[in-house]
Amino acid sequence: MCRHPRRGEAGREVTRATTGSPSPRGAAVGRGIGIGLMYGLWKPRVLGAWRVPASGPVILAVNHSHNIDGPMLMGTAPRPVHFLIKKEAFVGPLDPFLHGIGQLKVDRTTADRTAITRALGVLEEGGVLGIFPEGTRGEGDFASLRAGLAYFAVRSGAPIVPVAVLGSTERRGRLISALPPLRSRVDVVFGEAFAAGDGSGRRTRKALDEATVRIQTRLTAHLDGARRFTGR
């Protein structure tokens, strides 16, 4: 006998079919892999994870100075994360793997409407969206933010939780110089959730520019505080 979908289940499946948003199950699998790898290879020290809302949509805004920052957050965040990842990473066997664990491919050279729709779908379904606000790997100091984070936050109304990953670039490993030394400590510090908008609900260019300034102020303050607290 065919099972009828539970209330709300059919709606979620229709939403996924419409938006192409990834299944939460894939992100949960990715989190499990991340936990095994990150805690197996390094010694993450996670601070403030309780600040991430236990349910509902949320955006994790992460500084980005090393390639392990994304996987490190996936393995230490208290909830499964769907990351927006540059399309250049989706090559060879990594393409089906990243899709399979619920990650989102984005073309950074254009307004990638498919990626935007899928990311909004994650938030509409009450999931966690991970974003590198600087758009690319650099100093990891939030000095230059793209407007994408403000757009997702204002459009969805989801709170932003700032995250500082510290220690991933301090030293190079002996076996693999591109990675931090095995079993070295990496700090992951979660900040207080905050709303990016001004409460008016406006989505104009001016409103997004103002939201970007507010976001940068909060992210920079969190990073400075995390560095003082951890001594890094």
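Side-chain atoms are counted along with the backbone in the values below, which use heavy atoms only and exclude waters and symmetry mates. If you're wondering where the values come from, they're calculated on a predicted model, not measured in any experiment.
Between Phe83 and Leu98 the shortest side-chain heavy-atom distance does not fall below 4.5 Å. Within the 4.5 Å cutoff, no side-chain heavy atoms of His99 are placed close to those of Pro22. Looking only at side-chain heavy atoms (C-beta outward), Arg45 and Thr230 come within less than 4.5 Å of each other. Counting heavy atoms from C-beta on, the side chains of Arg228 and Asp224 come closer than 4.5 Å. Inter-residue side-chain proximity for Ser65 and Ser168 is flagged as met; some heavy-atom pair is nearer than 4.5 Å. Residues Ile116 and Arg155 form no side-chain contact, since every pair of their non-hydrogen atoms from C-beta on lies 4.5 Å or further apart. Contact check for Leu104 versus Leu129: side-chain heavy atoms found under the 4.5 Å cut-off. Counting heavy atoms from C-beta on, the side chains of Arg218 and Ile160 never come closer than 4.5 Å.
Closest approach of Thr76 and Pro44 over heavy atoms only: CG2-CB, 3.8 Å. Closest non-hydrogen pair, Val46 versus Tyr39, comes out as CG2-OH, 3.5 Å. Here the closest non-hydrogen pair linking Asp107 and Asp112 is N-OD2, 2.8 Å. What you find for Gly92 and Pro96 is that their closest heavy atoms are O-CD, 3.4 Å. Nearest heavy atom pair, residue Phe194 against residue Pro162, reads CE2-CD, 4.0 Å. Across Pro80 and Val128, no two heavy atoms sit closer than the pair O-CB, 3.4 Å.
Here the side chain of Arg79 pairs a donor or acceptor atom with the backbone of Pro53 at under 3.5 angstrom. Judged by distance alone, with hydrogens and angles left aside, the side-chain atoms of Arg183 form a donor-acceptor pair with the main-chain N or O of Gly40 at under 3.5 Å. Here the side chain of Asp69 pairs a donor or acceptor atom with the backbone of His66 at under 3.5 angstrom. A donor-acceptor pair is defined here as one N or O able to donate and one able to accept, closer than 3.5 Å; no such pair exists between the side chain of Arg51 and the backbone of Gly191. A distance-only check finds no donor-acceptor pair linking the side chain of Asp198 to the backbone of Ala211 [under 3.5 Å]. Judged by distance alone, with hydrogens and angles left aside, the side-chain atoms of His82 form no donor-acceptor pair with the main-chain N or O of Leu84 at under 3.5 Å. Side-chain N or O atoms of Trp42 include one that pairs as donor or acceptor with a backbone N or O of Pro180 at under 3.5 Å.
Here the straight-line distance linking atom NE2 of His222 with atom CZ of Arg227 works out to 10.5 Å at 0.5 Å rounding. Between the CD1 atom in Ile215 and the CG atom in Leu149 there is a gap of 4.0 Å [rounded to 0.5 Å]. Atom CG of Leu120 sits about 9.5 Å away from atom CZ of Arg113, to the nearest 0.5 Å. One distance of note links CG of Leu166 with CZ of Arg185; it measures 9.5 Å at 0.5 Å rounding. Distance check: Lys105 NZ to Thr114 OG1 gives 9.5 Å after rounding to the nearest 0.5 Å. Distance OG1/Thr110 to NZ/Lys87: 9.0 Å, rounded to 0.5 Å.
Hydrophobic clustering places Val81 together with Phe90 (ILVMFWY residues linked when any side-chain heavy atoms are closer than 4.5 Å, directly or through intermediates). Val154 and Val213 fall into different hydrophobic clusters, where Ile, Leu, Val, Met, Phe, Trp and Tyr side chains are chained together by heavy-atom contacts under 4.5 Å. No chain of hydrophobic side-chain contacts below 4.5 Å, direct or via other Ile, Leu, Val, Met, Phe, Trp or Tyr residues, connects Val165 to Leu47. Linking Ile, Leu, Val, Met, Phe, Trp and Tyr residues whenever their side-chain heavy atoms come within less than 4.5 Å places Ile35 and Leu182 in a single cluster. Following chains of ILVMFWY side-chain contacts shorter than 4.5 Å, one cannot reach Val189 starting from Leu60, and the two form parts of different hydrophobic clusters.
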